[in-house]
Each structure stands twice: as structure tokens, then as C-alpha cells.
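Note that these values count all heavy atoms, side chains included, but never hydrogens, waters or copies made by symmetry.
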Amino acid sequence: MHQKGNIQIIEWEDLDKRKFYSFGVFMTMTIRAAVYPATLIRTRLQVQRGRSVYNGTCDAFVKILRSEGVRGLYRGFLVNTFTLISGQAYITTYEVVRKYVSAYSEDNTLKSLVAGGSASLVAQSITVPIDVISQQLMMQGQGEHLGRFKVQCDADPGKPRRVFGQTRNIMGQIFATDGLRGFYRGYVASLLTYIPNSAVWWPFYHFYAEQLSRLAPSDCPHLVLQAMAGPLAAATASTVTNPMDVVRARVQVEGRSSVVDTFKQLVSEEGFWGLTKGLSARILSSAPTALVMVVGYETLKKLSLRPELVDSRHW
């Protein structure tokens, strides 16, 4: 078990993989359900022109809740749950690449950076098509005019709604307009957003945890320090990568093909301030997500330790 400073890090070879994946699916689903409304609000804020619909995160939350109800905050959520696959691919890639890099270097920052970036590359290849569909669904309701596609209602109002009916509708429109390529619209922008975000988050997470461990009493539970380090790392990574996240959202929702042209138009129309659109919503989403993820992930790894290692870690 690798130890850096005062914080021990549970590595891939220390885990019972069966327990790790069983608990991991439940943890990922719980986190996504908790933060999805903030993700929806962030997307609508990033896509709107200026303040045409919403004046900020709180205003968007109130307006959506009033006009669309709680259900409006979860538009596209069922489709988004398929990202559970990418979530499992992410954590597997991260842990395996960490182990691989360990054969060449024991530097924790390097291992975290390479593993985080690699994990994001694999996960985004699975996530982008799901994001493209779920983001179009997010734009329905009050913000439907912000997206390229509008769900077409059934001609027979008495006909029972099909499961994933709106999803099929949107998928059909995307395919008819752009073909299979349409489901990977914004793929490059997503890689340019999430690979740096992931590569930055993990080193900062370990950095903040170590700094906090030096300030905290020696008997302070490591989980408390890690729970504080997660949101700090998330806020740092979100701030650094938000400009590209705004561009990514517009490329995917508005159907643009050029990341550079989208960036130039955004700056031209709204100034560099436009690159901060949705940042508060993103931090409000990512910070609690990071806190829950860290507590859940570190607990998950503790619960998944091989039996002979259970008593070897200060928790």
C-alpha cells in the first residue's frame, strides 16, 4: 500500500474487485441523482445568449421549478444514467493506469495526472453520445428554444407515453440531421474540457489532502481531510477548465462543428466574461459532487480492501 506523507493511498492491487464494482455502481448512481439538477441548470445557462432566459443559477432554479416542477430539473436523467458505464470505465482506467505508471515512477503527482487524463479519455468516448442526447432533452420545457431539436408530441393525446419516447424522438432527429456523426458532436471539445479537468483534479486532490494533513491534529480521521480536499480540488479544476466547458456545451447543443469558431463568436458577442458562464453552477455541482464522491470512493475502497489488509489503514 503506497503512502504519501501522512495519507495512505489504497492502490488497485489492494482491492477485492468484486466488492469494488458492486458498491461502485450504487455509489455512482446516488451521486448522479443528487447533482443532476445543477448539471441541467449549468447547461441551460451556458447555452443561452446573454441573460435571455435566466439571470443566474438561483434564478434558473426558481424559474424551472415554478414552470416545470421538480420533473423539469431531471429532464434527460434516465438517459444520463447510462453514463454509469463510463463511470465504471473511468475508475477502472484510473486505477489500472496508476498501477502501470508506478512501474516507472513513484511520483504521486505524475501518477495522478497521467491516470486522470487517461481515465477521462476513455470515459468521454462513452459519455459524449449520451451527453448529446441528454443535453437536448435538458433544453426542452421552458428552455426548448435554446436547443436545435424540439420533442414532437404524439398526434393522439390519449395514447400512453412510451418509455424513453422523447429520447427516441430526439435520437431520430439527430440521426436524420447529422447521421451517426451527430452523436459525437463536441467530442473534441469534451476531450479538451474533461481530460485537463480530470488531470488537474487528481493531483490537486492529493496535494490539498497532504497540506491539510500537515495542519490537522495527528488523530484527525483521514476521511475528513479527504472530504475537504475534494471540493477544493473540484473548485480549482472547474475554474481552470470552465471556458472550454462553455464552448463544449454550445458545440453540442447548437450543432456547431468548429471549436475555434465557437470560442471566437462567444468572446466577440459576450466578451471574456462569457467564458465564466455557468461557473457558479458548475462549482455548486462539482464541489458537492467531489465531496460525496471522495467520501464514497474512499469508503468504497476501504470496504473493498482485501481481507488481510482491512486493519492496515488509519481511517
Side-chain angles (χ1 to χ4, degrees), residues 35-61 63-64 75-76 80 117 120-121 124 127-150 170 173-174 177-178 181-201 234-287:
V35 303
Y36 190 80
T39 302
L40 182 143
I41 291 170
R42 182 195 78 202
T43 301
R44 290 195 181 184
L45 288 173
Q46 290 177 336
V47 173
Q48 73 171 356
R49 300 292 180 180
R51 296 177 180 268
S52 58
V53 182
Y54 310 113
N55 293 319
T57 302
C58 292
D59 182 60
F61 177 80
K63 286 182 176 178
I64 294 172
R75 289 185 182 276
N80 195 261
S120 189
L121 173 62
Q124 286 306 304
T127 299
V128 168
I130 300 171
D131 273 350
V132 168
I133 298 167
S134 64
Q135 285 174 345
Q136 291 296 336
L137 291 169
M138 287 178 187
M139 293 300 105
Q140 306 305 309
Q142 184 176 351
E144 64 184 17
H145 64 285
L146 298 176
R148 296 174 68 205
F149 307 107
K150 180 179 179 180
I170 289 294
Q173 293 182 59
I174 294 173
T177 304
D178 300 324
R181 181 181 178 185
F183 294 100
Y184 271 90
R185 189 172 293 279
Y187 178 62
V188 173
S190 292
L191 294 182
L192 292 175
T193 301
Y194 291 115
I195 288 180
N197 187 84
S198 182
V200 167
W201 189 90
T236 303
S238 294
T239 302
V240 170
T241 61
N242 195 72
M244 202 62 233
D245 194 42
V246 177
V247 173
R248 175 199 59 82
R250 293 204 170 186
V251 167
Q252 291 181 331
V253 175
E254 297 178 353
R256 297 175 177 273
S257 58
S258 173
V259 172
V260 175
D261 289 344
T262 303
F263 177 83
K264 288 181 178 178
Q265 182 178 10
L266 175 63
V267 173
S268 174
E269 292 179 352
E270 305 185 46
F272 284 99
W273 185 252
L275 298 175
T276 67
K277 292 170 75 72
L279 177 58
S280 60
R282 193 172 183 214
I283 292 177
L284 285 173
S285 170
S286 64

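Of all heavy-atom pairs between V259 and A189, the closest is CG2-CB, 3.9 Å. Closest heavy-atom contact between L121 and Y187: CD1-OH, 4.3 Å. Considering all non-hydrogen atoms of both residues, R185 and V251 come closest at CD-O, 3.4 Å. Of all heavy-atom pairs spanning R51 and G56, the tightest one is NH1-N, 4.0 Å. Nearest heavy atom pair, residue I174 against residue G182, reads CG2-C, 3.9 Å. Closest non-hydrogen pair, Q46 versus R250, comes out as O-NE, 3.0 Å.
Within the 4.5 Å cutoff, the side chain of Y36 has heavy atoms near those of the M138 side chain. Within the 4.5 Å cutoff, the side chain of Q135 has no heavy atoms near those of the M139 side chain. Considering only heavy atoms from C-beta on, I283 comes within 4.5 Å of T239 through its side chain. Under the 4.5 Å side-chain criterion, counting only non-hydrogen atoms from C-beta, E270 is not in contact with Q265. The closest side-chain heavy-atom distance from L275 to N242 is not below 4.5 Å. Looking at Y54 and I41, their side chains never come closer than 4.5 Å, going by heavy atoms from C-beta outward. Using a 4.5 Å heavy-atom threshold, the side chains of M244 and N197 count as separate. K277 is not listed as a side-chain neighbour of L45, based on a closest heavy-atom distance of 4.5 Å or more.
The closest side-chain donor-acceptor pair between T241 and R282 falls under 3.5 angstrom.
Checked against side chain to side chain contact (heavy atoms under 4.5 Å, CB included), D261 has the following partners two or more places apart in sequence or in another chain: S258.
F61 CZ: 12 or fewer foreign heavy atoms inside a 6.0 Å radius.
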Trace of the side-chain contact (heavy atoms from CB on, under 4.5 Å) decision for V53 with R44: CA-CA 9 Å; V53 182; R44 290 195 181 184; over 6 Å; no
side-chain contact (heavy atoms from CB on, under 4.5 Å), that's the test. Do Q124 and I195 meet it? Break it down for me. CA-CA 9 Å; Q124 286 306 304; I195 288 180; 5.8 Å; no
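If you take OG1 on T127 and OH on Y194, they are separated by 9.0 Å, rounding to the nearest 0.5 Å. From T43, atom OG1 reaches atom CD of Q136 across 11.0 Å, with rounding to the nearest 0.5 Å.
Not a single donor-acceptor pair under 3.5 Å links the side chain of S120 to the backbone N or O of G117. Side chain of S134 to main chain of D131: a donor-acceptor pair is present (N/O by atom type, distance under 3.5 Å, no hydrogens or angles).
For D245 and R248, the salt-bridge test passes: some basic side-chain N is under 4.0 Å from an acidic carboxylate O.
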